[in-house]
Amino acid sequence: MDKKKIINDIKQEYLIKRIRAEEASEQYISRLKEDKYFDNIYTYYNIKKLEYLKSKYEIENLNLKKEVLELQKKIDAYLESKHLDKSALSPKYECEICRDTGVVDGKICSCVIKELHKRLTNSINSQKNFRSFDNCDVKIMNEQDKKATKILKTWCDTYPNISKININIVGGAGSGKTFLLECIANEVIEKGCFVCFKTMFELNELARLYHIGKSYELTDCMKADVLLIDDLGTEPILNNVTKEYLYNIINTRQVNKLPTIISTNLSPDDILNRYDERIFSRLTNKNLCINIQLDSQDKRFMEKKS
Ligand SMILES: [Zn+2]
């Protein structure tokens with residue numbers, strides 16, 4: 001994943017967006033100006049507006065302000081009488097905060113960060129369309145799953161102001177673990193954050209490739225705002241790789257206060273037996289972790305049919 005290239009692409013697109021928006025309003029105005037009445041009044045309005053704005057730097061001229069507002073009303077009335085769109089007089093920027101420049105007060109605008117995170121998320125996750133909490137069919141859920149879903153939804157609503165940064169969603173095959181994991185991914189992406197969603201099998205493979213110096217995608221997983229690991233326990237244990245990198249990922253993310261959400265079929269005892277004390281203690285730390293136990297019944301029907 002080439003972050004620099006993504007940023008450059010976004011910058012180029014913003015420039016084009018901005019020019020298009022400005023050209024569209026200029027063309028609109030020049031068409032309107034073919035009418036002499038509009039041409040006169042609009043030109044006069046711009047002269048007065050400029051005079052007024054200049055006066056604001058010294059002593060605000062309230063008479064000029066009144067005049068500008070009167071002219072504005074005349075323009076509006078003219079456009080209304082012709083059923084024309086008055087908002088098209090100024091460029092329609094997608095982001096009104098930075099006016100599609102991508103910069104506010106010398107800083108990158110939040111719209112750029114949001115777009116960047118969206119693209120990073122898309123580039124790193126093979127699965128692009130995550131399901132959402134809207135797809136939950138609450139009516140047919142049992143109490144245990146309803147409660148679990150509610151806790152997870154509340155966590156998402158509170159994110160990033162959360163105290164528990166690890167969630168373990170525990171349940172058997174078909175219990176809805178992956179579905180809920182996707183719902184969380186979807187919510188966090190909506191908040192403009194960079195999400196990495198991997199099965200433990202995929203993560204294990206990325207760790208192996210990293211270990212032999214063939215791919216560095218693992219570092220993106222490490223740095224993601226939220227990392228979601230599906231199906232912990234289904235991966236093969238590779239010597240010097242699986243346990244070492246898993247510990248490293250979980251520990252580094254905890255130190256950096258970055259959430260890691262795991263789905264698994266394993267009980268805490270299984271985790272202790274399969275991995276080791278260090279991983280076990282990171283994943284079961286009561287101050288940092290939420291443990292969600294799903295009802296074990298197969299409920300592939302939990303998702304609403306649309
Ligand atoms: Zn912006």
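Computed over heavy atoms, backbone and side chain alike; hydrogens, waters and symmetry mates excluded. For ligands, and for the atoms within them, numbers begin at 1 and follow the listed sequence.
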Using 2.8 Å as the cut-off, count the protein N, O or S atoms closer than that to the Zn ion (ligand 1).
4

With no hydrogens and no angle check, just 3.5 Å: does a side-chain donor-acceptor pair link Thr199 and Asp230?
no

Quick one: list whatever passes side chain to side chain contact (heavy atoms under 4.5 Å, CB included) with Cys156, sequence neighbours left out.
Phe133, Ile184, Glu187

Are Tyr210 and Glu217 close enough that a side-chain donor and a side-chain acceptor fall under 3.5 Å?
no

Ser267-Asp270 side chain donor-acceptor pair, cut-off 3.5 Å:
yes

Other ILVMFWY residues reachable from Ile16 by side-chain steps of under 4.5 Å:
none

Could you tell me which residues satisfy side-chain hydrogen bond (donor to acceptor under 3.5 Å, both in side chains) with Asn291, sequence neighbours excluded, listed by chain and number?
Asn168

